[in-house]
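Just below is one structure, and these are the notes that go with it.
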Amino acid sequence: MTEHRCDVAILGAGVNGCSIAYELSKRGKKVILIDKVVLGAGASGSCDDMILLQSKKPGILLEMAFKSLDLFEGLKTELLSDIEFETRGGTILIEDEEHLSIMEEFVASQNRYGLEVEIIDRKRLVELQPLVAEDIIASTYSARDSQVNPMLLMKAFLLGAKQKGLRYISRTTPVAIEQLASGWKLLLDTGDVVEAEVLVNAAGAWANDITKLVDFQVPITPRKGQVIVTEAIPPLGETNVWSAQYIVSKLKPQEAVKTSAGESAPTQTPAERFGLGFAFTGTHNGNYLIGSTRENRGFDKSTDPEAIALLSAQVERFFPVMSKINFIRTFAGLRPSTPDGMPFLGEIPGAPGFFIAAGHEGDGIALSPITGLVMADLVTGKKPIFPMEAFEPGRFGGKAGL
Amino acid sequence: MDKDRAVGDEKYICRCEEVTEAEIREAIKAGARSVVEIKRWTRAGMGICQGRSCRRLVERILADELKLKPEEIELSSFRQPVRPVSIKAMDE
Ligand SMILES: Cc1cc2nc3c(=O)[nH]c(=O)nc-3n(C[C@H](O)[C@H](O)[C@H](O)COP(=O)(O)OP(=O)(O)OC[C@H]3O[C@@H](n4cnc5c(N)ncnc54)[C@H](O)[C@@H]3O)c2cc1C
């Protein structure tokens, strides 16, 4: 048995655990980062690469995404290895007049909030995306939408933190957590023990496996997304692409589900059953990622032919040229989803020094720099630059039963 | 900033993604212990052949660096498709 001592023990080496570890190590804290599997085994190793501002409703998450984007600019040079951060802009394809008017309203509200995004007509869209399907009538465009390679980001955070003394332990998990007079004691499944002043639970969709050890539950559930990876091809266009359908269904669920008049119990189409939305981005290496679905299937990470067929048909619908392209891989990841779409960032009620930073759903990569910053502030007793009320771990009730 | 790609006497392990033996050994020194981790860290095995030509070589380097027997290396998983498939073929 080995006993480790540190200032902060972080559970979960996804993008958020790594970002928090990096920020705390930079501030001189002695950190141990523990993952049940390995770095990137969760959502952060199985996701898209977008830092997307446009999809967000005006509010604190959009403000935090703005701040994160600034932080990425700094990280790009501060981190020791390349993270493939790029700003290519983003376009959300609009298929019909009805969606156009909804998107016009949405874009106007984002503009009032300071996000530079506009509606462009088909002519301008074709300049950005020459191969887009002929019946796409318009698009949004935001010049600031960016992307980053999540795996390289985690690796850069980890190596940066290691340089400042971080210890990374993979393939182990706590089986019991005890409160000490000052701090916490983790009993690991290897028999080793970790004593830390502060604990941070950054276990994404699995966060409850850890909070339950102190009898606390947060309503985080896994939401599966399936993705196709194509062979490397020359760039099709300039921007990253989504379809308005997904945004519309978030804003106005009744508009998105088009049923014929008088139909009383609309049956779900396969696309609805899989929560299909279109996200299409080209990676640094020339592979395209074709996503994705939003499914509640527990912790099952398998990909299935029906979803892959839907994703294939969808990309052909928006970019007919893609029918000729080969795909080389498929994968699925589990987004940590919460009932109100807000992550849990803060101290667990009744468990002083036990923090949680999980539940970023589809924005965890984009929000990882700001998550690292606010969590490091909370852990070191500094006031974060954002109000944290909306992220309270106890907002759905519950108190640790220590 | 592009990753330095050694030339000349450097040996490519993954030809699809041009990953050298040195890069793989470096990943293991930084903490990688399985083929999956090496793949995520270096992109070895992520290319068009999906690791069919380099997986064995990566396993051998892992065994060497970690002083393990080949059968002690963690097994790697495969996701469909095992060979490239066209988008068109998939949607039928
Ligand atoms: C298909 C798809 C596409 C996406 N696209 C984007 C995108 O374009 N942009 C974006 O910003 N976000 C995107 N996301 C969301 C993003 O991937 C997540 O929000 C983010 O990765 C969450 O990171 P995390 O560090 O909180 O959790 P995770 O990455 O899930 O990490 C949690 C870690 O905790 C570990 N763990 C689990 N249980 C334990 C335990 N008991 N003890 C110790 N460790 C444990 C796991 O092994 C894992 O490594 C996408 C997600 C999916 C699935």
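Chain naming here is simple, since letters A, B, ... match the order of the sequence lines and numbering starts at 1 in each. This is a predicted model, so every value here is computed, not measured.
Sorted by first then second residue, the salt bridge (Lys or Arg N to Asp or Glu O under 4.0 Å) pairs that include residues 306-323 of chain A, not counting sequence neighbours, are A/E95-A/R317, A/D135-A/R317, A/R273-A/E306, A/E316-B/K88.
At most 12 heavy atoms of other shown residues, nucleotides or ligands fall within 6.0 angstrom of atom CZ in A/R167. Counting non-hydrogen atoms of other residues, nucleotides and ligands closer than 6.0 Å to CD of A/E134 gives a total of 12 or fewer.
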* Do A/R329 and B/M46 pass the side chain to side chain contact (heavy atoms under 4.5 Å, CB included) test, and can you show the C-alpha distance, the side-chain angles, and the key distance before you say yes or no? -> CA-CA 9 Å; A/R329 189 156 32 99; B/M46 285 245 199; 3.2 Å; yes
* To do: Please step through side chain to side chain contact (heavy atoms under 4.5 Å, CB included) for the pair B/R40 and A/V38, ending with a clear verdict.
  => CA-CA 11 Å; B/R40 292 211 180 103; A/V38 294; 4.2 Å; yes
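The greatest number of non-hydrogen atom pairs below 4.5 Å with chain B, out of A/K324, A/E84, A/E231, A/M151, is found for A/M151.
Heavy atoms closer than 4.5 Å to chain B are found nowhere in A/L311, neither backbone nor side chain. Neither the backbone nor the side chain of A/V229 has a heavy atom closer than 4.5 Å to any heavy atom of chain B.
For A/T283, the side-chain contact (heavy atoms from CB on, under 4.5 Å) criterion is met by A/D49, A/N285, A/N287, A/L289, not counting sequence neighbours.
The CD1 atom of A/I325 sits 8.0 Å away from the CD1 atom of B/I87 when rounded to the nearest 0.5 Å.
Closest heavy-atom contact between B/A30 and A/L159: CB-CD2, 3.9 Å. Between A/K155 and B/W41, the shortest heavy-atom contact is NZ-O, 3.2 Å.
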